[in-house]
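The basis for the numbers below is simple: all heavy atoms, side chains too, and nothing from hydrogens, waters or symmetry mates. Bear in mind that the values here come from a model prediction, so they are computed numbers and not experimental data. The chains referred to below are lettered A, B, ... by the order of the sequence lines, with proteins before strands, and numbering in each begins at 1.
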Protein chains: 2
Amino acid sequence: MEEFAALSGVSRPTLSKYFNDPNSVRQSTRSKIEMALERHDYRPNIFAINQNRKMTKNIGIVVPFLADPFFAEIARVIERRCIDAGFWPILFSSHGEQKLENEILNSLRSLKPAGVLLAPLGRGSDHSTVEQFCRDVPTVLFDSNIEGLGAAFVGSDNFQSVPLMVEYLCRTGEPPCLLETQPVNPNANKRRNAYKQAMEQRGLEPHIVRLDGSDWNFEDIGYDGGLRVIRNQKLPTNTVLCSNDRLAIGFMSACLEMGIRVGRSSECSLRVAGHDDHPFAKFTCPPLTTIAQDYAAISERSVETLFLLVEGGLSGTRSETLFEGKLVMRASA
Amino acid sequence: MEEFAALSGVSRPTLSKYFNDPNSVRQSTRSKIEMALERHDYRPNIFAINQNRKMTKNIGIVVPFLADPFFAEIARVIERRCIDAGFWPILFSSHGEQKLENEILNSLRSLKPAGVLLAPLGRGSDHSTVEQFCRDVPTVLFDSNIEGLGAAFVGSDNFQSVPLMVEYLCRTGEPPCLLETQPVNPNANKRRNAYKQAMEQRGLEPHIVRLDGSDWNFEDIGYDGGLRVIRNQKLPTNTVLCSNDRLAIGFMSACLEMGIRVGRSSECSLRVAGHDDHPFAKFTCPPLTTIAQDYAAISERSVETLFLLVEGGLSGTRSETLFEGKLVMRASA
DNA sequence: AATAAAACTTTACGCGCGTAAGTTTTATGT
DNA sequence: ACATAAAACTTACGCGCGTAAAGTTTTATT
């Protein structure tokens with residue numbers, strides 16, 4: 001930096017000022033620097049910059065499982081928004097492991113991020129680690145809520161979306177049973193409770209089919225468990241509401257293999273619905289009827305909320321923003 | 001660090017030595033530190049560590065488009081391997097943009113990574129930036145090759161896999177046409193050439209259907225283009241080999257919408273095949289016949305090669321490792 | 001018990017930059 | 001032309017840690 005300052009004919013502190021905000025120096029000085037910049041291509045070291053700044057332009061993004069296209073897509077949108085706003089997003093995946101989530105949060109601390117967007121593991125999170133982290137770093141939770149942690153939460157309203165689907169399924173055929181795995185996060189629990197409530201409000205008995213498996217390989221769980229459930233004739237109804245789309249995708253694959261025709265048309269014997277409108281839900285066999293989570297809105301609002309928080313424009317009270325899901329009718333139910 | 005050194009009863013340099021390699025200090029010293037560690041939970045600042053070390057434990061991973069499940073899955077495996085080997089992976093997505101790829105590479109430099117695993121944009125890469133980067137940082141390219149750049153390349157052998165598929169399709173029905181988009185990377189070009197070669201070797205005329213679109217939204221391109229091609233009756237044969245699975249997924253969705261039955265059974269009028277064995281290929285409608293790229297092998301070998309390179313155990317000559325694809329027969333062709 | 005080797009401590013400097021304080025130069029108004 | 005404020009300069013220190021050099025203590029060897 002010293003060298004480059006000499007080359008451009010300004011002092012190092014002025015150069016530092018320029019990189020922090022090009023408009024903060026005189027026009028003549030600015031052009032001197034930018035001319036030298038063209039010839040020598042110098043760039044300040046991002047991680048040294050942050051060494052001594054109170055607030056950096058780094059934004060941490062932590063998701064529980066990046067190989068899940070839902071999170072991949074959300075992460076993509078969030079990264080773009082951050083970049084466009086002049087921030088530097090750094091993306092981490094917990095790979096479904098508490099230990100990794102903890103390590104990521106601890107490392108994130110030393111990055112001195114301006115803020116962090118965290119989709120926690122949920123049930124699998126280490127509450128005290130997350131709590132401590134949220135105290136130290138401006139954090140907005142999304143997708144998966146942990147009561148009281150973070151400055152805000154942005155997600156979707158399972159108690160609106162699940163009843164919506166239950167209503168639709170009941171109106172158009174047999175009432176659904178709920179297919180779920182061991183819940184990995186609060187959403188799964190909420191969806192189960194919302195399902196129960198919705199059924200009971202209709203005077204119907206809820207049926208819950210629990211598949212083995214406690215990791216994030218939902219397709220496999222849905223497939224393996226689906227085979228077992230079908231073979232053992234354990235399906236209480238001819239309508240199956242899956243706790244999420246990935247589970248539904250795996251389950252429908254099992255149906256296909258067992259020769260069960262899935263769909264709402266008359267020649268089909270089973271209806272399957274999902275939740276989330278997973279990026280590949282419209283390409284499944286048959287295309288999956290599901291609840292669309294508003295990806296764009298959740299991403300946008302999360303980022304906006306974080307920016308507000310970073311700029312200090314957020315009141316002390318923790319806000320929870322829930323977006324409504326929309327019914328997406330396709331061929332499967 | 002000073003404080004914590006005092007707390008554990010050792011000097012700061014010794015503490016530094018411990019964190020660099022816990023085995024490099026005497027057992028008694030080590031336990032002193034680790035006892036203090038339990039009570040006070042101190043962690044060195046990763047990005048300050050790298051400030052003054054010749055070699056860090058950081059490994060950069062750069063993929064062109066992380067919302068593509070293929071890359072999401074490969075990134076997942078690579079991250080795991082790095083973590084298990086005691087490295088600290090940092091993941092970046094270029095979002096299909098040259099400008100971002102350049103920025104990522106330049107920022108990566110200041111991270112002083114021990115090595116970088118780079119799946120370049122390919123055609124969209126800025127050759128001189130990548131070249132300069134590879135000179136400065138130990139880099140292994142994967143998935144998409146750029147002649148001469150990086151210390152090694154690991155990918156799959158399109159000139160083996162595509163002919164394999166062509167052979168299968170010819171043997172079991174009408175010879176295929178090739179459905180492609182504007183090629184975003186070298187693989188697309190290689191696949192086209194491999195297709196041409198394979199057809200010509202059989203004395204057949206190659207037919208190439210090019211769809212509009214030059215970004216990474218292959219499903220959309222396959223769907224929109226598919227609708228157009230089908231409406232205009234521009235399909236030269238009843239067998240379509242898609243340049244990659246995502247394209248095939250979109251295309252099949254268009255077929256479904258147009259009421260065209262896809263599959264190899266007698267009541268179907270169109271066969272569709274893909275390439276890659278995308279994580280969702282087996283869940284499509286109908287399940288997609290495709291070529292399985294050996295995800296695991298590519299990830300493993302990339303990481304292994306990089307580790308060798310980092311440890312200096314690699315000769316000067318640039319190596320190219322190509323894995324063979326395997327035919328995965330499903331219902332679509 | 002003597003000796004060498006290993007491990008530790010103290011001291012000091014450096015990484016690439018931010019930033020504050022005090023001083024000098026430059027642009028603006030009159 | 002001079003006064004004044006804004007901008008730039010010089011100087012100095014700090015971030016959190018790595019690391020080299022020199023001296024001191026501990027451990028292993030004979």
Side-chain angles (χ1 to χ4, degrees), chain A residues 1-37 40-58 86-88 106-114 136-137, chain B residues 1-37 40-58 86-88 106-114 136-137:
Chain A
M1 191 173 200
E2 197 91 44
E3 283 179 38
F4 182 74
L7 277 169
S8 28
V10 301
S11 69
R12 196 180 62 75
T14 304
L15 196 58
S16 172
K17 203 150 172 273
Y18 166 83
F19 279 115
N20 199 1
D21 176 11
N23 287 315
S24 66
V25 300
R26 201 186 299 149
Q27 182 56 45
S28 61
T29 311
R30 182 170 172 177
S31 28
K32 273 200 283 184
I33 295 174
E34 282 169 355
M35 275 180 56
L37 216 45
H40 292 88
D41 185 46
Y42 163 85
R43 295 176 54 105
N45 181 320
I46 300 188
F47 299 92
I49 289 178
N50 301 335
Q51 195 79 14
N52 201 22
R53 236 210 293 257
K54 296 97 183 66
M55 178 168 305
T56 71
K57 286 287 188 177
N58 297 334
F87 287 88
W88 181 250
N106 283 323
S107 306
L108 218 36
R109 208 179 251 118
S110 50
L111 251 178
K112 296 188 190 171
D136 298 350
V137 182
Chain B
M1 190 174 199
E2 199 91 44
E3 283 179 38
F4 182 74
L7 277 169
S8 26
V10 300
S11 69
R12 195 180 62 76
T14 303
L15 195 58
S16 172
K17 200 148 173 277
Y18 166 83
F19 279 114
N20 197 1
D21 177 11
N23 287 315
S24 66
V25 301
R26 204 184 295 145
Q27 182 56 45
S28 60
T29 311
R30 181 170 172 174
S31 27
K32 273 200 283 185
I33 296 174
E34 282 167 353
M35 275 179 57
L37 217 44
H40 291 89
D41 185 43
Y42 163 84
R43 295 177 54 104
N45 180 320
I46 300 187
F47 298 92
I49 288 178
N50 301 333
Q51 195 80 10
N52 202 21
R53 237 214 287 261
K54 294 96 183 67
M55 180 168 304
T56 71
K57 286 287 189 179
N58 297 334
F87 286 88
W88 181 251
N106 282 323
S107 307
L108 217 36
R109 208 180 250 118
S110 50
L111 250 178
K112 295 188 191 173
D136 297 351
V137 182

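Taking OG1 from B:T14 and CZ from B:R26, the interatomic distance works out to 9.5 Å, rounded to the nearest 0.5 Å. Distance check: A:L15 CG to A:T29 OG1 gives 11.0 Å after rounding to the nearest 0.5 Å. The distance from atom CG of B:N23 to atom CD of B:Q27, rounded to the nearest 0.5 Å, is 8.5 Å. Rounding to the nearest 0.5 Å gives a distance of 7.0 Å between CZ of B:F4 and CD1 of B:I33. Atoms CG and NZ, from B:L7 and B:K32 in turn, are 13.0 Å apart once rounded to the nearest 0.5 Å.
The heavy-atom pair separating B:D136 from B:R109 by the smallest distance is OD2-NE, 2.9 Å. Considering all non-hydrogen atoms of both residues, A:V137 and A:P113 come closest at CG1-CG, 3.9 Å. Here the shortest heavy-atom pairing between A:Y18 and A:E34 reads OH-OE2, 2.9 Å. In terms of heavy atoms, B:R43 sits closest to A:S107 at NH2-OG, 3.7 Å. Considering all non-hydrogen atoms of both residues, B:S8 and B:A36 come closest at CB-CB, 3.4 Å.
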Notebook entry, point to check: Taking only Watson-Crick and G-U wobble pairs with both distances under 3.5 Å, what dot-bracket line describes DNA chain D, where [ ] shows pairs that cross earlier ones and | shows pairs with another strand?
Noted result: .||||||||||||||||||||||||||||.

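When only modelled atom types and interatomic distance are considered, B:E3 and B:Y42 share no side-chain donor-acceptor pair under 3.5 Å.
Within the nucleic acid shown, B:R43 comes within 4.0 Å of sugar-phosphate atoms alone, with no base atom in reach, counting heavy atoms only. Residue contacts shown for B:F4 are absent, as no nucleic acid heavy atom lies under 4.0 Å away.
Taking only side-chain nitrogens and oxygens, A:T14 never comes nearer than 4.0 Å to OP1 or OP2 of D:dA7. Taking only side-chain nitrogens and oxygens, B:Y42 comes nearer than 4.0 Å to OP1 or OP2 of D:dC17. Here A:T29 does not reach the OP1 or OP2 of D:dA7: none of its side-chain N or O atoms lies under 4.0 Å away.
Not one N or O on the side chain of A:K17 forms a donor-acceptor pair closer than 3.5 Å with the backbone of A:V25.
For the pair B:I49 CD1 and D:dG18 P, the computed distance is 5 Å after rounding to whole Å. Between the CD atom of B:Q27 and the C1' atom of D:dT26 there is a distance of 15 Å, rounded to whole Å. The NZ-C1' distance, from B:K32 to D:dT26, rounds to 11 Å in whole Å. Distance CZ (B:R26) to C1' (D:dT24): 12 Å, rounded to an integer number of Å. Distance CD (A:E2) to P (D:dA12): 13 Å, rounded to an integer number of Å. Here the P atom of nucleotide D:dT10 and the CE atom of A:M1 are 14 Å apart, to the nearest Å.
The residue among B:P44 and B:S28 whose nearest nucleotide of DNA chain D lies closer to the 5′ end is B:P44.
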Which atom pairs link the protein and nucleotides 13-15 of chain D when you take only N or O atoms and keep those under 3.5 Å?
{"from": "D:dG14", "atom 1": "N2", "to": "A:N52", "atom 2": "ND2", "distance (Å)": "3.1"}
{"from": "D:dC15", "atom 1": "O4'", "to": "A:N52", "atom 2": "OD1", "distance (Å)": "3.4"}

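Using a 4.0 Å cutoff on non-hydrogen atoms, no part of residues 15-23 of chain A comes near DNA chain D.
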